[in-house]
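Model, not experiment: these values are computed from the prediction.
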Amino acid sequence: MEDIDVPPFFLCPISLQIMKDPVTVPTGITYDRESIEKWLFSGKNNTCPVTKQVISDCELTPNVTLMRLIQSWCTLNASHGIERIPTPKPPVSKAQISKLIKDATMSSPQQQMKCLKKLRSMANVNDTNKRCMESAGVVEFLASIVNTYNSLSFEEYSSSNLEEINEAISLSDEALSFLYGLQLSESGLKVLISKNAEIIDSLTRILKNGNYESRAYSVLLLKSILEVADPIQLINLRQELFVEIVQILRDQISHQATKSSLRLLVNLCPWGRNRVKAVAANAVSVLINLLLDSSEKRVCEMALMVLDLVCQCAEGRAELLGHGAGLAVVSKKILRVSQVASEKAVRILLSISKFSATNNVLQEMLQIGVVAKLCLVLQVDCGIKNKEKAREVLKLHARAWKNSPCIPANLLSFYPS
């Protein structure tokens, strides 16, 4: 292609490339559809890149006149190697989607499956179609399928033949994967949880009874939903949910599911009630075993974050101390993973030292090297906060530890006076 001057108003303000599908946002600025969708939806921004004004309505209006000008310019400059940009396929409309949902709502499972596959193919075209589906009721439609086929009783399943049961399970799994694949916006997630109160119970049942793939989608979707839930909803979550989240960690069905389960517990356990529920679900033992088996940085960090939270309650500390490797694995992660991991591990030891330091616990901390590791923290460059907390632990029990032969001589000199 020869060098040729391109009219500046043909270029997208974000990518500075010739626009292939110009669309105008509510602020009046025109962008290429792919670039502005990436900015608004994937980047989760809510402002116009040029004017910096907040865009409350993300509706993108095709700029047909500019599209025709660009195509005409391409044709006129074909001799310079410029290829004509094809006319973009128009996005789906709310009316199209609403009709599909209406037709499927009262249909058989087979017809509903066809509808889901058609909607999915539309959603895969671009993010505009996904956001249009959010506002056209697709979220509620998918949630109703997931809720319906996961609320059937044992008797209802028993009265159905095997083919009907398989159809129901397949339809629910398809709706669930599609619901997660929409990558709902924050407002879409809030609609999902506010208009479908039973969705969390349905996802919990899938965590318990579903196949590996559907369980993974459930925990991923739960993580997204509960990130936008209000505190009242979070503290009223049922014990069964914590049991199933911990089971996902135990089963290790996928790396992504493990990280999502850990993030769920990090988000849920700042509330005291939820800490107790997590402990009752055997989270402490599973997290310790996870730390023993995993060397992946982010997994270790989040596991220690959860342990730090649950050790703020007596039940959590008792479970940690009751595990043969609890104190040892927490101490081992100090200075070996990251500064974040070290900070959380030292905080766990501080909680134990403040509230659960029996003579037996203090002797165990000496014998397995916890005290020596804390002295090492004072010696190396690992952050001021870590040093302050390590110093606090050592000062709390200086009388029991300071003169112990278990502390190497080269570290004993760093013991705080």
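- Residues Trp39 and Thr47 are in side-chain contact: their nearest non-hydrogen atoms beyond the backbone lie under 4.5 Å apart.
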Inset, instruction - Report the C-alpha separation of Glu140 and Ile101 in whole Å, then their side-chain angles, then the decisive distance to 0.1 Å, and conclude whether the side chain to side chain contact (heavy atoms under 4.5 Å, CB included) test is met. - result: CA-CA 10 Å; Glu140 293 89 331; Ile101 295 173; over 6 Å; no
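- For Asn124, the CG atom counts as densely surrounded, since its 6.0 Å shell holds more than 12 non-hydrogen atoms of other residues, nucleotides or ligands.
- Taking all atoms of both residues into account, the shortest heavy-atom contact from Asn289 to His323 is OD1-NE2, 3.3 Å.
- Between Thr24 and Leu60, every side-chain heavy-atom pair lies at or beyond the 4.5 Å cut-off.
- Put simply, the side chain of Asn46 never gets that close to the backbone of Ile55: no donor and acceptor are under 3.5 Å apart.
- Considering only heavy atoms from C-beta on, Thr258 comes within 4.5 Å of Leu249 through its side chain.
- Val310 and Val284 make their closest contact through CG2-CG2, 3.9 Å (heavy atoms, listed as atom of the first residue, atom of the second, distance).
- The distance from the CG atom of Leu265 to the CG atom of Leu226 is 10.5 Å, given to the nearest 0.5 Å.
- Looking only at side-chain heavy atoms (C-beta outward), Met305 and Val340 come within less than 4.5 Å of each other.
- The two residues Leu116 and Ala175 come nearest to each other via the heavy atoms CD1-N, 3.8 Å.
- Panel note: side chain Trp401, backbone Leu362; a donor-acceptor pair is recorded below 3.5 Å.
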Inset, instruction - Decide salt bridge (Lys or Arg N to Asp or Glu O under 4.0 Å) for Lys38 and Glu34; before the verdict, give the C-alpha distance in whole Å, the side-chain angles of both, and the deciding distance to 0.1 Å. - result: CA-CA 6 Å; Lys38 186 175 180 180; Glu34 183 179 355; over 6 Å; no
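- Checked by atom type and distance alone, the side chain of Glu134 pairs as donor or acceptor with a backbone atom of Ser185 at under 3.5 Å.
- Here the SG-CG distance, from Cys382 to Leu335, works out to 5.5 Å after rounding to the nearest 0.5 Å.
- Here CD of Glu364 is found 7.0 Å from CG of Leu321. Values are rounded to the nearest 0.5 Å.
- Within 6.0 Å of atom CD in Gln252, more than 12 heavy atoms from other residues, nucleotides or ligands are found, so the atom counts as buried in its surroundings.
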Inset, instruction - Just do the salt bridge (Lys or Arg N to Asp or Glu O under 4.0 Å) check on Glu174 and Arg120 with the steps written out, would you? - result: CA-CA 10 Å; Glu174 179 72 16; Arg120 190 191 280 272; 3.0 Å; yes
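- A donor-acceptor distance shorter than 3.5 angstrom exists from the side chain of Gln233 to the backbone of Asp230, with no hydrogens or angles considered.
- Summarising the geometry of Cys311 relative to Gly316, their closest heavy-atom pair is SG-O, 4.2 Å, with the distance given to 0.1 Å.
- A 4.5 Å side-chain heavy-atom check between Ile206 and Val146 finds at least one atom pair inside the cut-off.
- Side-chain contact annotation: Ser170 with Asp173, donor-acceptor N/O pair under 3.5 Å absent.
- With no hydrogens or angles considered, no side-chain donor-acceptor pair links Asn386 and Ser342 at under 3.5 Å.
- One N or O on the side chain of Asn274 and one on the backbone of Leu234 form a donor-acceptor pair closer than 3.5 Å.
- Identified under the side chain to side chain donor-acceptor pair (under 3.5 Å) test for residues 87-96, with sequence neighbours left out: Gln71-Thr87, Ser93-Gln96.
- Formation of a donor-acceptor pair under 3.5 Å by the Lys389 side chain with backbone atoms of Leu350 is not found in this model.
- Ile225 CD1 to Leu184 CG: the interatomic distance, rounded to the nearest 0.5 Å, is 8.0 Å.
- Looking at Ser172, its side chain never comes within 3.5 Å of a backbone N or O of Ala168 through a donor-acceptor pair.
- The backbone N or O of Leu207 lies less than 3.5 Å from a partner atom in the side chain of Arg215, making a donor-acceptor pair.
- Here Leu327 contributes atom CG and Ile368 contributes atom CD1; the two are 5.0 Å apart, rounded to the nearest 0.5 Å.
- The closest side-chain heavy-atom distance from Leu100 to Met122 is below 4.5 Å.
- In the displayed structure, Asn359 atom CG is contacted under 6.0 Å by at most 12 heavy atoms of other residues, nucleotides or ligands.
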List, one per line, each side-chain donor-acceptor pair under 3.5 Å for residues 9-20, sequence neighbours excluded.
residue	atom	partner	partner atom	Å
Ser15	OG	Gln17	N	3.4

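- Looking at Tyr212 and Ser254, their side chains never come closer than 4.5 Å, going by heavy atoms from C-beta outward.
- The neighbour count for Arg84 CZ, taken as heavy atoms of other residues, nucleotides or ligands under 6.0 Å away, is above 12.
- The side chain to side chain donor-acceptor pair (under 3.5 Å) contacts involving residues 309-321 comprise Arg275-Gln312, Arg317-Ser356, where partners must be two or more places apart or lie in separate chains.
- Surrounding CD of Glu213 are at most 12 heavy atoms belonging to other residues, nucleotides or ligands under 6.0 Å away.
- Under the salt bridge (Lys or Arg N to Asp or Glu O under 4.0 Å) criterion, Lys354 pairs with Glu392, not counting sequence neighbours.
- Looking only at atom types and distance, the side chain of Ser294 has no donor-acceptor partner in the side chain of Glu296 under 3.5 Å away.
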Inset, instruction - Starting from the C-alpha separation in whole Å, work towards a yes-or-no answer on side chain to side chain contact (heavy atoms under 4.5 Å, CB included) for Leu182 and Phe178. - result: CA-CA 6 Å; Leu182 282 176; Phe178 185 14; 3.7 Å; yes
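- Rounding to the nearest 0.5 Å gives a distance of 6.0 Å between CD1 of Ile288 and CG of Leu307.
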Legend entry - Asp201 and Arg205: CA distance, side-chain angles, deciding distance, salt bridge (Lys or Arg N to Asp or Glu O under 4.0 Å) verdict: CA-CA 6 Å; Asp201 288 339; Arg205 283 190 288 270; 5.3 Å; no
Inset, instruction - Show the numbers, then the answer: is there a side chain to side chain contact (heavy atoms under 4.5 Å, CB included) between Val371 and His397? - result: CA-CA 10 Å; Val371 181; His397 305 293; over 6 Å; no
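- With a 4.5 Å cut-off on side-chain heavy atoms, Glu227 and Arg263 count as touching.
- One N or O on the side chain of Lys387 and one on the backbone of Leu378 form a donor-acceptor pair closer than 3.5 Å.
- Applying the side chain to side chain donor-acceptor pair (under 3.5 Å) rule to pairs touching residues 329-338 yields Glu301-Ser338, sequence neighbours excluded.
- Qualifying ring-ring contact (aromatic ring centres under 6.0 Å, His included) partners for Tyr217, counting only residues two or more places apart in sequence or in other chains: Tyr180.
- Annotation for Ala303 and Leu291: closest pair CB-CD2, 3.8 Å, computed over non-hydrogen atoms.
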Inset, instruction - Just do the side chain to side chain contact (heavy atoms under 4.5 Å, CB included) check on Val92 and Val125 with the steps written out, would you? - result: CA-CA 10 Å; Val92 297; Val125 173; over 6 Å; no
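- Taking both residues in full, the closest heavy atoms of Ile199 and Ala143 are given as CD1-CB, 4.3 Å, listed atom of the first, atom of the second, then distance.
- Under a 3.5 Å cut-off, the side chain of Thr148 and the backbone N or O of Ile145 do not form any donor-acceptor pair.
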